[in-house]
Amino acid sequence: MTERHAISLRTTLAPWLRLLAQRRGRLSIGTLLMALTLVSAIGLLALSGWFITASALAGTALAAGAAISLNIYVPGGGIRLFALTRTVSRYVERLYNHDTVLRLLADLRARLFGVLAGLDEHRLSRRRASDWLHRLTADIDALDSLYLRLLAPPAVAVVAVITLSAFVSFWLPVAGLAIAVLLGVAIGWLTWGQSCLGMAASRRRMEDLEHFRGRLIEQWQGLAELEAYASLASHRQRLDDIEARLEADQRRLGRLSALGNAVSGVAVGTTLIVVLWLAAQAYTSGQLSGPVMVMMSLAVLAFNEALAPLAIAFTHLGSTCVAAMRLNELEAAVASTVTPSQTLTSDALPARLDNVTLRYPGALVPALSSVSLTVAAGERVALCGASGAGKSSVASLLAGQLRPTQGKVMLDDKPVQELVPKTLPQRVAVLTQRIDLFDDSLAANLRLADPVADETRLWHALAMVELSGWAAGLPNGLATRVGEGGRQLSGGQSRRLALARLMLRDPGLVILDEPFAGLDATTAARVASHLDGWLDGRTVVYLVHDLGEQVDPPGIDRRLMLREGRLAPLPAPLR
Ligand SMILES: Nc1ncnc2c1ncn2[C@@H]1O[C@H](COP(=O)(O)OP(=O)(O)OP(=O)(O)O)[C@@H](O)[C@H]1O
């Protein structure tokens, strides 16, 4: 890992470390509990070694007739104490740290929800639902390892090396130095070295996992189409390719983790031999007693416990980095938007596009080019154009769901991006081509627009779209379930239900995309006459391919024509 990589790693993880720092009290207690567990494990082994050796030597001396005494109570008590603190602190540490991690997860998810809520429709629609799911699950999971796997264990290991080295130096400084150097190098390798080795594969794996999940969901959703066009095999082949890459990286990371574990074992083993050799020399020169010599060596052996979690955690550091990078990108996208503060009046809203150009990300040509149009308060404008002319793009701009690449979008003479987010859905209503109905009752689907609407209002809204007779004839009336995505309803019924839902609100600007699509002429004419009354006193933009084909939307004051993303002169009327 170069210096540049190290800097980018720091900047990538910095926002998340700051988030962790908000819980620094809990994290410090958790780390202390980890350290206590480790110290108890080292103490237990070291003291046991000392005690067994001292007892053996005392026994031998007694057998040889020497008069010696050994206090067995203090070391025996110490061993019991370490055994007890090791068990209790491990249990409490697991409980406490898992609780901390769950709290961190809640912090991370809440922060991500906040970020997602701040994204406009445009940014949200650039990714598949599965990608957002991946952000909320796998990415957050990868980040939660930041404390438990990447911060606390190396911190505890470093403190433990310093403490052990100081402890051993008390009797034999050169052995203390050997411990500091050898185990310090091992910690360096297991953190820095392992992360360098695993960085590429763990990053790639994280990216491939997201692709794999997205494509897999896409395959299940589109299974019927893939089978109908005999494309299932090629689609599956692409999935297999990603899976093969995932498996190869998994194997690579497994091998690297095994290498890390081997390095950790070799490091502890080598340190043990060196300390034993130095201690044996000190013993033969009378500098050190036998029990202390054994105690030093066993203390080093117990250090295995401190190094064991490092190899796997740091081999997978790339996953955490990718997750953090993705979430940082999202945060940056939200941070770049203006803090909104303006609200809309309760009257009909004037709307304006000032020299607006809109280019979708990655598109070769703009969807809208230098479009300027004004809709006065209370006016009804029909925006006509062929499929792909840019009508829906205009609607999304007016509804604040898209931001223009250039130019200004004004509602009520205020820039749309400066409007408080909740004011837009309250005052601007859009009926798009895509109808979203939920697998719930008719009443629940209607009450999305107004949760406190009573049944009288619901029946009135249904009557406005000529659905009240049909609904009254259903055995369960308003409690009838519409099925997933409104499957129990016809296309025309779904559209009218969506229109009824829209009429439960009180918007100042109404945008209706082909409001009568899928309706027969008689029903369309009846709905048009109800709609006409409801639209009075509101600004209206109709999006239509053309006028005069079937039933026109009611009360059109002016007609505009869009052609290939530009406002065009109206064609001369047919004679
Ligand atoms: N999310 C998107 N990403 C990229 N390009 C898009 C996106 N949405 C629309 N476009 C492109 O922008 C242009 C205008 O599309 P738009 O949906 O605004 O047209 P429209 O007039 O509403 O069409 P229709 O009547 O078929 O709904 C089209 O060329 C379309 O391909």
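From a predicted model like this one, the values you see are computed outputs, not experimental measurements. The first residue in the sequence is number 1, and the count goes up from there. Read the numbers this way: they start at 1 and go in the same order the structure lists the ligands and their atoms.
Residue-ligand proximity, Gly390 to ligand 1, at heavy-atom distances under 4.0 Å covers atoms 14 (C), 16 (P), 18 (O), 19 (O), 20 (P), 21 (O). Residue contact check: Ala367 has heavy atoms under 4.0 Å from atoms 12 (O), 13 (C) of ligand 1. Residue His545 has at least one heavy-atom neighbour below 4.0 Å for each of these atoms of ligand 1: 25 (O).
For Glu466, the salt bridge (charged side-chain N to carboxylate O under 4.0 Å, His left out) criterion is met by Arg526, not counting sequence neighbours. For Glu247, the salt bridge (charged side-chain N to carboxylate O under 4.0 Å, His left out) criterion is met by no residue, not counting sequence neighbours.
No more than 12 heavy atoms of other residues, nucleotides or ligands shown are found within 6.0 angstrom of CZ on Arg487.
Between Arg252 and Asp249, at least one side-chain N (NZ, or NE/NH1/NH2) sits under 4.0 Å from a carboxylate O, which counts as a salt bridge. The pair Glu210-Arg326 counts as a salt bridge, with a side-chain nitrogen and a carboxylate oxygen less than 4.0 angstrom apart. Of the charged side-chain nitrogens involved, none lies within less than 4.0 Å of a carboxylate oxygen, so that Arg238 and Asp240 do not count as a salt-bridged pair.
Close N/O approach between Ser392 and ligand 1 is found [any backbone or side-chain N/O within under 3.5 Å].
At least one heavy atom of Ala386 sits under 4.0 Å from some atom of ligand 1.
Residue Ser393 holds the heavy atom nearest to atom 15 (O) of ligand 1 of all those in Gly565, Ser393, Ala389. Nearest-heavy-atom check against atom 24 (P) of ligand 1 across Gly388, Pro366, Gly385, Ala395 picks out Gly388.
Here Ser387 has heavy atoms under 4.0 Å from ligand 1 in both its backbone and its side chain.
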